[in-house]
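In what follows, a structure is listed as structure tokens, so that the remarks can point back to it.
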Amino acid sequence: MMNNTRILFMGTPDLAKNILKALLENGYNVVACITQEDKPVGRKHVITPTPVKKLALEHNIPVYQPHRIRNDFEFVKDLNVDLIVTCAYGQILPHDLLTLPTIGAINVHGSLLPKYRGASPIQECLKQGDTITGVTIMEMVDEMDAGDIFYQQKIVIDPSDNYTSLLDKFSLCGSEALLKALPGIIDKSLKKISQNKDEVTFCGKIKKEDEHLSLDLLKKDFVNYVRALSLTPGGYLYFGEEIFKILECEVISDELVDKVGTIVKADKQGLYLQLKDGIIALKQVQRQGKKIMTYKDFLNGEKNFLHIQLS
RNA sequence: CGCAGGGUAGAGCAGUUGGCAGCUCAUCGGGCCCAUAACCCGAAGGUCGGAGGUUCAAGUCCUUCCCCUGCAA
């Protein structure tokens with residue numbers, strides 16, 4: 001019965017690819033995929049298909065890449081779809097598309113809704129210093145991430161987690177949650193519950209300027225902000241004209257020994273930065289043009305870094 | 001051919017006007033110490049990204065190819 005359900009999968013990055021993979025490995029009938037257009041990527045501007053497209057083509061699943069799904073979804077009618085499953089597709093689905101499938105349209109969202117509706121839920125929970133987050137399998141409605149909830153599964157955030165490691169957890173957990181919820185969604189036995197409007201919070205898209213770390217942040221927030229941006233795209237401070245990325249750091253003390261933004265220690269024991277409410281240790285850094293390295297490796301090649309000002 | 005930095009010991013870097021390839025960390029051995037990631041002594045470890053060229057002599061100069069990274073898209 002589940003094999004007869006005609007599923008249209010919509011998604012773009014690696015996370016979505018892993019969700020699609022889980023569907024395929026468990027025998028679901030994915031009749032087509034919609035993903036973003038191939039884009040020139042990297043320094044050489046090589047036109048690269050999205051991870052979802054690559055996987056779909058390996059399984060001989062037809063791939064559609066409309067420029068604007070809002071204006072171009074007529075082709076979906078001919079697919080006779082029962083269910084749309086989306087995960088990080090990257091475009092808002094028009095109302096008339098949501099009503100096409102016989103069963104409905106569902107989304108895999110990276111937070112415990114109604115918390116963190118929006119574009120960057122995985123980064124946001126790290127920024128906030130949360131210790132628990134999760135995935136939500138939900139019905140799609142016109143308003144973004146506002147649909148009723150079918151199923152939720154919690155994820156424990158470890159203090160050592162950053163965006164990259166948390167993304168791995170979401171790949172696993174998101175797949176698990178979807179597979180648990182799908183049978184009940186398809187046979188309509190799974191009850192959905194509406195979101196508590198009083199608990200709704202939002203998170204926006206991470207913009208370029210957000211990657212410049214702020215020295216106005218309290219040390220705890222600074223560390224969490226760095227976690228949210230690591231390893232990609234990576235938060236940075238300026239070292240003169242150069243970008244100096246900080247990929248991992250930790251709170252050391254409440255001491256105030258020098259101006260905010262000053263390197264107050266640079267030796268084997270650590271690379272310490274003064275913030276306005278204390279000192280943090282920079283553990284992994286990346287100088288412009290260089291690879292990511294530990295503070296020890298960095299200091300081996302960079303003498304005289306003590307008392308340097310970052311901004 | 002989008003802009004820019006780079007490739008030298010396991011890691012991070014220095015290497016001047018071409019003239020015996022170095023520093024710090026790590027590793028191994030020894031010493032000191034109640035002890036140590038500390039300190040002292042010693043050792044091993046390199047076709048200087050590849051190919052070609054100039055030269056008595058190339059890490060260094062010329063040509064060409066490959067790769068890594070930051071920015072931009």
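A, B, ... follow the sequence lines: proteins, then strands. Residue 1 opens every chain.
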When the distance from NZ of A/Lys303 to C1' of B/A14 is rounded to whole Å, what number comes out? 11 Å
Nearest-Å distance once atom C1' is located in both B/C48 and B/C13: 14 Å
Rounded to the nearest Å, what distance is computed from the CG atom of residue A/Asn300 to the P atom of nucleotide B/U24? 10 Å
Could you state the atom-to-atom distance from CZ of A/Phe305 to P of B/G12 in whole Å? 17 Å
Partner nucleotide of B/C39 by Watson-Crick or wobble geometry (both distances under 3.5 Å): B/G31
Rounded interatomic separation in angstrom, taking CD1 from A/Ile47 and C1' from B/G2: 14 Å
In whole Å, measure the gap between the P atoms of B/G45 and B/C28 for me. 16 Å
Nearest whole angstrom, please: distance from the P of B/A37 to the CG of A/Asp267. 17 Å
Once base and sugar-phosphate atoms are separated, protein heavy atoms under 4.0 Å mark nucleotides 65-73 of chain B, 5' to 3', with B, S and - as --SSBBBBB
Side chains of A/Ser171 and A/Asn18: is there a donor and an acceptor less than 3.5 Å apart? yes
If you measure from the C1' atom in B/A44 to the same atom in B/C1, how many Å do you get, rounded? 46 Å
For B/U16, the Watson-Crick or wobble counterpart (both distances under 3.5 Å): none
Examine distances only and state if a side-chain atom of A/Ser120 and a backbone atom of A/Gly204 form a donor-acceptor pair shorter than 3.5 Å. yes
Quick one about A/Thr294 and A/Gln284 (side-chain donor to acceptor, distance below 3.5 Å, no hydrogens or angles considered), yes or no? no
In Watson-Crick or G-U wobble terms, with both distances under 3.5 Å, the base opposite B/C61 is B/G53
Using the C1' atom on both, measure B/U17 against B/G30 and round to a whole Å. 44 Å
In whole Å, measure the gap between the P atoms of B/C40 and B/G59 for me. 34 Å
Between A/Gln152 and A/Thr136, is there a side-chain donor-acceptor contact under 3.5 Å, judged purely by atom types and distance? yes
When you check the side-chain N and O atoms of A/Ser194 and A/Asp148, is any donor under 3.5 Å from an acceptor? no
Across all chains, not counting sequence neighbours, the side chain to side chain donor-acceptor pair (under 3.5 Å) partners of A/Lys127 are none
Send over the distance from A/Tyr295 OH to B/C13 C1', rounded to a whole Å. 18 Å
May I ask which nucleotide in the shown strands pairs with B/C3, Watson-Crick or G-U wobble, both distances under 3.5 Å? B/G70
What is the pairing partner of B/G10, taking Watson-Crick or G-U wobble pairs with both distances under 3.5 Å in any strand? B/C25
Distance between the P atoms of B/G53 and B/G42, in whole angstroms? 43 Å
Any strand: nucleotide that pairs with B/C48 via Watson-Crick or wobble, under 3.5 Å: none
P-based separation of B/A9 from B/G49 [nearest Å]: 8 Å
I'd like the C1' distance from B/U24 over to B/G19, given in whole Å. 26 Å
Regarding A/Gln65 and A/Asp38, is there a side-chain donor-to-acceptor distance under 3.5 Å anywhere? yes
Sub-6.0 Å ring centroid separation between A/Phe305 and A/Phe298: yes
